[in-house]
Amino acid sequence: QVRLIESGGGLVQAGGSLRVSCAASGRTFSSIAMGWFRQAPGKEREFVAAINLSGDSTGYATSVKGRFTISRDNAKNTVSLQMNSLKPEDTAVYYCAAKMGESGIVLGEYNYWGQGTQVTVSS
């Protein structure tokens, strides 16, 4: 099965940048779509970004479009989320997720989840 481990979370000032990464184990990384979700205290987990099998198609939540960039390196079995122009409302635990087949934005479609990494944006 696929196991996911996030890294790169931390504290950053508003307007700054941060990059979170996810390492995937297994032999089928190139056959799974990847996504990032986040969950702030007291709120439901929400979609952030997704990327397809080959990495040539991406999708973003309206709230992060133009500021965040998702990418994947199939040779290294990793997916990353570059976050620029961060806002305090971006503060959340960020989760890496994977699903078989093409990408999607629905939480329930993802089969595998990482443990999450905390991102805190100060004002």
**Request:** Quick one: list whatever passes side-chain contact (heavy atoms from CB on, under 4.5 Å) with S31, sequence neighbours left out.
**Result:** T28
**Message:** Quick check: closest heavy atoms across G104 and A50, and the distance to 0.1 Å?
**Reply:** O-CB, 3.7 Å
**Complete:** Separation between OH (Y110) and CG (L4), nearest 0.5 Å, reads 11.5 Å
**Prompt:** Can you pull the side chain to side chain donor-acceptor pair (under 3.5 Å) pairs that have at least one residue in residues 93-104, sequence neighbours excluded?
**Reply:** R38-Y94
**Request:** Share the residues that join I5 in a hydrophobic cluster, the rule being Ile, Leu, Val, Met, Phe, Trp or Tyr side chains under 4.5 Å apart at the heavy-atom level.
**Result:** none
**Beyond-backbone contact of M83 with V64, side-chain heavy atoms, under 4.5 angstrom** = no
**Request:** Applying side-chain hydrogen bond (donor to acceptor under 3.5 Å, both in side chains), name anything that partners T117, two or more places apart in sequence or on another chain.
**Result:** none
**Request:** Identify the heavy atoms of A92 and A40 that sit nearest to each other, and give their distance.
**Result:** CB-N, 3.8 Å
**Message:** Does the Lys NZ or Arg CZ of R3 fall within the cation-pi geometry relative to W113 - under 6.0 Å from the ring centre and within 45° of the axis?
**Reply:** no
**Request:** First locate atom CG of L81, then atom CD1 of I51, and finally report the distance between them rounded to the nearest 0.5 Å.
**Result:** 10.5 Å
**Item:** S17 side, atom OG; L86 side, atom CG - distance, nearest 0.5 Å
**Value:** 6.5 Å
**Asked** What pairs with Q82 under side-chain hydrogen bond (donor to acceptor under 3.5 Å, both in side chains), at least two apart in sequence or on another chain?
**Response** N84
**Request:** Could you list the residues that satisfy side-chain hydrogen bond (donor to acceptor under 3.5 Å, both in side chains) with Y112, not counting sequence neighbours?
**Result:** Q1
**Request:** Could you give me the CA-CA distance, side-chain angles and deciding distance for T120 and Q118, then say whether side-chain contact (heavy atoms from CB on, under 4.5 Å) is met?
**Result:** CA-CA 6 Å; T120 302; Q118 178 70 47; 3.3 Å; yes
**Complete:** Residues passing the side-chain contact (heavy atoms from CB on, under 4.5 Å) test with S57, sequence neighbours excluded, are N52
**Prompt:** For F47, what residues pass the ring-ring contact (aromatic ring centres under 6.0 Å, His included) criterion, not counting sequence neighbours?
**Reply:** F37
**Prompt:** Going from OG1 on T58 to CG on D56, what distance comes out if it is rounded to the nearest 0.5 angstrom?
**Reply:** 9.0 Å
**Request:** Provide the full list of disulfide bond (SG atoms under 2.5 Å apart) pairs with a residue in residues 32-123, sequence neighbours left out, each pair given once.
**Result:** C22-C96
**Prompt:** Within the distance-only criterion (no hydrogens, no angle test), does the side chain of N111 pair as donor or acceptor with the backbone N or O of M100 below 3.5 angstrom?
**Reply:** yes
**Request:** Hey, could you give me the CD/OG distance between Q13 and S123, rounded to the nearest 0.5 Å?
**Result:** 9.5 Å
**Message:** Does anything in residues 59-75 form a salt bridge (charged side-chain N to carboxylate O under 4.0 Å, His left out)? List the pairs, not counting sequence neighbours.
**Reply:** R67-D90
**Asked** Sequence neighbours excluded, which residues qualify as side-chain contact (heavy atoms from CB on, under 4.5 Å) partners of S71?
**Response** S80
**Asked** Should V121 and V93 be regarded as members of a common hydrophobic cluster, given that ILVMFWY residues are connected when their side-chain heavy atoms come within less than 4.5 Å of each other, either directly or indirectly?
**Response** no
**Complete:** Applying side-chain hydrogen bond (donor to acceptor under 3.5 Å, both in side chains) to Q115 and not counting sequence neighbours gives E6
**Complete:** Here the pair of heavy atoms bringing F68 nearest to V48 is CD2-CG1, 3.7 Å
**Message:** For a 4.5 angstrom cut-off between non-hydrogen side-chain atoms, does I32 reach V2?
**Reply:** yes
**Request:** List the atom of L53, the atom of G101, and the distance in Å for their closest heavy-atom pair.
**Result:** CD2-O, 3.0 Å
**Asked** Heavy-atom distance under 4.5 Å between the side chains of V79 and I70, does that happen here?
**Response** yes
